[in-house]
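For reference, the structure discussed in these notes is given below.
Everything quoted here is computed from the prediction, not taken from an experiment. Side-chain atoms are counted along with the backbone in the values below, which use heavy atoms only and exclude waters and symmetry mates.
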Amino acid sequence: MTRAMPIRERLRDDNPRLLALWERSVRATHDFLAEADIDALRPQVRDVYLDAVEIWVFEDADGLAGFVGLADAQVEMLFLEPQRRGQGIGTRLLDHARGLRGALTVDVNEHNPQAHGFYRRYGFVDIGRSPLDGQGRPFPLIHMALPRDADA
């Protein structure tokens, strides 16, 4: 008997908890961001990004542990509670996204080697690089793609 994955579609009421989780995750993994960067991003995440993508939430008996945001087949965000990293939650969220979309793409900040390594272990391959992030800031991005037939 297989255990059902505790993944569900985001509810609008989840947004405050998702924003708090986003900030804890960013602080744990994005050490290249200054406090001013996080302060500038917070209202954008709260007021724009969370509602601009399709979000799937991983929530189990221990609480909300992570979420993935999709725009078509592009993984726009994947954030986990810092203390829940390494438990397979990110993989389960990507498995869910892959089940919905098949081939996926993602942009990973070049200054976040842990995330780059995670996506590579999952089966994504580097397909390009941009010197600036989506907002034109000097945070280079690595463009990655997961082939439809990748073995993850």
So if I apply the salt bridge (charged side-chain N to carboxylate O under 4.0 Å, His left out) rule between D14 and each of R10, R12, R17, which one comes out positive? R17
How long is the span from the [atom1] atom in [X] to the [atom2] atom in [Y], to the nearest 0.5 Å?
X: H96; Y: R101; atom1: NE2; atom2: CZ; value: 8.5 Å
X: D51; Y: N15; atom1: CG; atom2: CG; value: 5.0 Å
X: L33; Y: N109; atom1: CG; atom2: CG; value: 7.0 Å
X: F58; Y: Q87; atom1: CZ; atom2: CD; value: 8.0 Å
X: E54; Y: D72; atom1: CD; atom2: CG; value: 9.0 Å
X: R46; Y: Q44; atom1: CZ; atom2: CD; value: 10.5 Å

Between the side chains of Y119 and D126, does any donor sit under 3.5 Å from an acceptor? no
For S130 and H143, does a side-chain donor sit closer than 3.5 Å to a side-chain acceptor?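 Yes, H143 and S130 have a side-chain donor paired with an acceptor closer than 3.5 Å.
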Partners meeting side-chain contact (heavy atoms from CB on, under 4.5 Å) with E81 (sequence neighbours left out): L21, R24, Q83, R84
If we ignore hydrogens and angles and just use 3.5 Å, is the side chain of S25 paired with the main-chain N or O of L80 as donor and acceptor? yes
May I ask you to decide if G117's main-chain N or O and R121's side chain share a donor-acceptor pair within less than 3.5 Å?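 Checking the backbone N and O of G117 against the side chain of R121, a donor-acceptor pair under 3.5 Å is found.
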Kindly give the heavy-atom pair with the smallest separation between D13 and P16, and that separation in Å. O-CD, 3.4 Å
Minimum heavy-atom separation for G66 and L93, please, with both atom names.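 Smallest interatomic distance, heavy atoms only, reads C-CD1, 3.8 Å.
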Flag the pair [X] / [Y] as yes when at least one side-chain heavy-atom distance between them is below 4.5 Å, and no otherwise.
X: V106; Y: L94; result: no
X: I55; Y: Y49; result: no
X: R85; Y: F118; result: no
X: E9; Y: W56; result: yes
X: V45; Y: M77; result: no

Please work out which of the three classes, parallel, tilted or perpendicular, describes the rings of H111 and F139, given edges at 30° and 60°.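 Because their plane-to-plane angle is over 60°, the rings of F139 and H111 count as perpendicular.
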Name of the residue among L18, I89, V53, L78 meeting side chain to side chain contact (heavy atoms under 4.5 Å, CB included) with F67: L18
Establish whether [X] and [Y] are linked, either directly or via other cluster members, by ILVMFWY side-chain heavy-atom contacts under 4.5 Å.
X: V75; Y: V125; answer: no
X: L100; Y: V68; answer: yes
X: V48; Y: L50; answer: yes
X: L104; Y: M144; answer: yes
X: I38; Y: F79; answer: yes

Residue set satisfying ring-ring contact (aromatic ring centres under 6.0 Å, His included) with H30, at least two apart, ordered chain then number -> F32
Residues passing the salt bridge (charged side-chain N to carboxylate O under 4.0 Å, His left out) test with E23, sequence neighbours excluded, are R27, R42
